[in-house]
Number of protein chains: 2
Amino acid sequence: MAAKRSGRSKRGINERLQPLQEPRSEPPLSRERIVATAVELLDAQGVDGLTMRRLADRLGSGVMSLYWHVDNKEDVFDLALDSVLEYRGPPQIAQDWRGEVVHVLEDWRASMLRHPWSATLLPRRALGPNILGRLELLSKTLSRAGVADADVNAAIWSLWNYVMGATITRASFDLSDDDRAAAQQRLTRLSERYPTIERSRLLLDNDWDGAFKNGLGFLLDGLSPK
Amino acid sequence: MAAKRSGRSKRGINERLQPLQEPRSEPPLSRERIVATAVELLDAQGVDGLTMRRLADRLGSGVMSLYWHVDNKEDVFDLALDSVLEYRGPPQIAQDWRGEVVHVLEDWRASMLRHPWSATLLPRRALGPNILGRLELLSKTLSRAGVADADVNAAIWSLWNYVMGATITRASFDLSDDDRAAAQQRLTRLSERYPTIERSRLLLDNDWDGAFKNGLGFLLDGLSPK
DNA sequence: ACGATGACTCGTGCGACGTACGAGTCATCG
DNA sequence: CGATGACTCGTACGTCGCACGAGTCATCGT
């Protein structure tokens with residue numbers, strides 16, 4: 001019931017009334033500062049690492065002060081997620097449609113991997129303006145490329161599914177070396193039950209970027225207008 | 001440091017020592033009973049709905065008794081997840097490879113949608129035997145279909161990504177009608193910013209099953225050996 | 001027949017968590 | 001000068017996972 005979006009509170013006349021009691025006098029709270037700090041915290045500690053108490057600590061404020069600027073913790077997640085998914089456009093003009101689609105999706109994946117918590121968050125929160133912008137761009141590109149109108153939506157969802165699956169998997173699997181060692185041990189121990197994937201070293205391939213590009217190539221082959 | 005896997009405790013000789021003090025005398029705790037009840041609870045209340053207290057309540061036991069049979073709460077998730085992802089094989093023998101792949105993946109998706117919490121859990125937990133079995137089967141099928149050895153792993157990860165993305169998205173988006181109404185409202189309010197996806201009604205299509213099959217068709221087209 | 005052992009259950013307590021509530025502080029304006 | 005509204009914050013409540021240690025009971029070696 002609160003949460004103004006308040007650009008900047010205006011004091012300025014009597015700053016001297018703050019007798020520098022704190023060595024580093026924090027700037028006043030604001031939605032932007034909260035969101036930026038939340039992103040920092042999420043990057044550093046993951047989804048479970050973001051608590052309102054820690055967020056307030058980093059901001060040098062009390063916990064309940066945050067609730068003046070945001071509705072609740074879910075709101076913080078939504079704002080942080082959206083702030084991270086901006087698309088700045090292709091590097092130069094005049095690409096072919098495949099190049100453009102690949103660039104949008106690789107940039108999307110890269111943004112989410114830079115903030116791994118965002119990948120697991122995106123599917124379960126509302127679509128913010130930045131994601132809608134990306135979908136709009138994809139839609140226009142595919143249409144212009146000659147994909148039949150009846151196929152465009154299915155094509156977009158295929159691409160969405162592919163990026164989400166790839167990124168969530170990638171972001172979830174780069175845990176500790178212990179886990180990696182344990183997984184390898186388990187697999188070789190069970191190699192007689194899973195001979196094919198053991199032989200092809202399916203679970204040991206670390207070229208995630210290459211696999212992403214190759215698989216996307218397959219999908220675009222299937223999507224190309226005949 | 002505990003947690004035997006104990007098939008079944010053997011009493012039997014002197015059951016009469018239990019003087020039916022409880023109208024419904026619960027069977028003793030066991031790993032299987034805990035996992036089955038955890039699945040029930042997860043189905044009913046979702047990931048956040050599973051707490052050790054509620055689980056113990058449903059089992060008619062104390063909270064700490066659970067910790068004799070499982071290591072911790074994560075262990076409960078792992079066991080519940082694995083118990084839900086069994087594959088029973090294709091309905092009849094002798095399908096073409098496309099039919100077999102489609103069946104594995106549709107069954108996979110269906111299993112996860114029957115237990116929506118499993119989709120979001122799978123990518124961030126270790127791969128259990130049932131998932132490995134599915135990957136083994138896919139690997140064999142693709143090889144037999146003539147997919148080049150160098151492409152098989154990329155192909156499998158494409159399929160994995162696609163199923164995971166599709167299922168996680170589907171499982172996360174069937175929330176309340178309020179959300180759906182709010183989303184539609186938001187979209188039409190912003191229709192001038194996103195004209196293409198508004199016109200194609202991208203976000204309003206509810207034929208998830210059809211979209212899954214169509215998109216999978218695109219991907220398999222791209223994977224077919226030339 | 002008896003004491004030891006181990007399987008299993010459970011109550012209490014600790015330190016987190018999100019956030020409702022209400023009491024503060026302070027600049028601004030009539 | 002008194003009121004208003006923007007903003008901050010301390011306290012409190014109910015919930016969570018789980019560590020710890022004290023129980024109960026069947027079984028077995030002697």
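Note that this is a predicted model, so its numbers are computed, not measured. Naming convention: chains lettered A, B, ... in sequence-line order (proteins, then strands); numbering from 1 in each chain.
Rounded to the nearest 0.5 Å, atoms CH2 (A/W157) and CG (A/L138) are 11.0 Å apart.
A/R33 places its CZ atom 14 Å from the P atom of D/dC7, with the value rounded to the nearest Å. Taking atom CD1 of A/I34 as the reference point, atom P of D/dC7 lies 11 Å away to the nearest angstrom. As rounded to whole Å, 17 Å separates atom P of C/dT25 from atom CH2 of A/W68. Taking atom CG of B/D57 as the reference point, atom P of C/dC10 lies 11 Å away to the nearest angstrom. Rounding to whole angstrom units, CG of residue B/L66 and C1' of C/dA7 are separated by 16 Å. Rounded to a whole Å, the CZ atom of B/R54 is 13 Å from the C1' atom of D/dG14. If you take CG of A/L29 and P of C/dC26, they are 16 Å apart, rounded to a whole angstrom.
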Does the pair B/L113 and B/W108 meet the rule for a side-chain contact (heavy atoms from CB on, under 4.5 Å), with working shown?
CA-CA 9 Å; B/L113 287 182; B/W108 191 342; over 6 Å; no
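Side-chain contact between A/H115 and A/L85 is absent, with no heavy atoms from C-beta onward closer than 4.5 Å.
In this structure, A/S65 reaches the D/dC9 phosphate: one of its side-chain N or O atoms is under 4.0 Å from OP1 or OP2. Within the 4.0 Å cut-off from OP1 or OP2 of D/dT8, at least one side-chain nitrogen or oxygen of A/H69 is found.
Using N1 to N3 plus N6-O4 or O6-N4 for Watson-Crick, or N1-O2 and O6-N3 for G-U wobble, each under 3.5 Å, D/dT27 pairs with C/dA4.
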Name each donor-acceptor pair under 3.5 Å that joins a side chain in residues 52-63 of chain A to protein atoms two or more places apart or in another chain, with its distance.
residue, atom, partner, partner atom, Å
A/R54, NE, A/G49, O, 2.9
A/R54, NH2, A/G49, O, 3.3
A/R58, NH1, A/E40, OE1, 3.2

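B/D209 and B/R109 are joined by a salt bridge, as a carboxylate oxygen and a charged side-chain nitrogen come within less than 4.0 angstrom of each other. Taking a cutoff of 4.0 Å between a charged side-chain nitrogen and a carboxylate oxygen, B/E198 and B/R193 do not qualify as a salt bridge.
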Please list, pair by pair, any protein nitrogen or oxygen found under 3.5 Å from a nitrogen or oxygen in nucleotides 18-22 of chain C.
residue, atom, partner, partner atom, Å
C/dG18, OP1, A/K73, NZ, 2.6
C/dG18, OP2, A/M52, N, 3.0
C/dG18, N7, A/R53, NH2, 2.5
C/dG18, O6, A/R53, NH2, 3.0
C/dT19, OP2, A/Y67, OH, 2.8
C/dT19, OP2, A/K73, N, 3.1

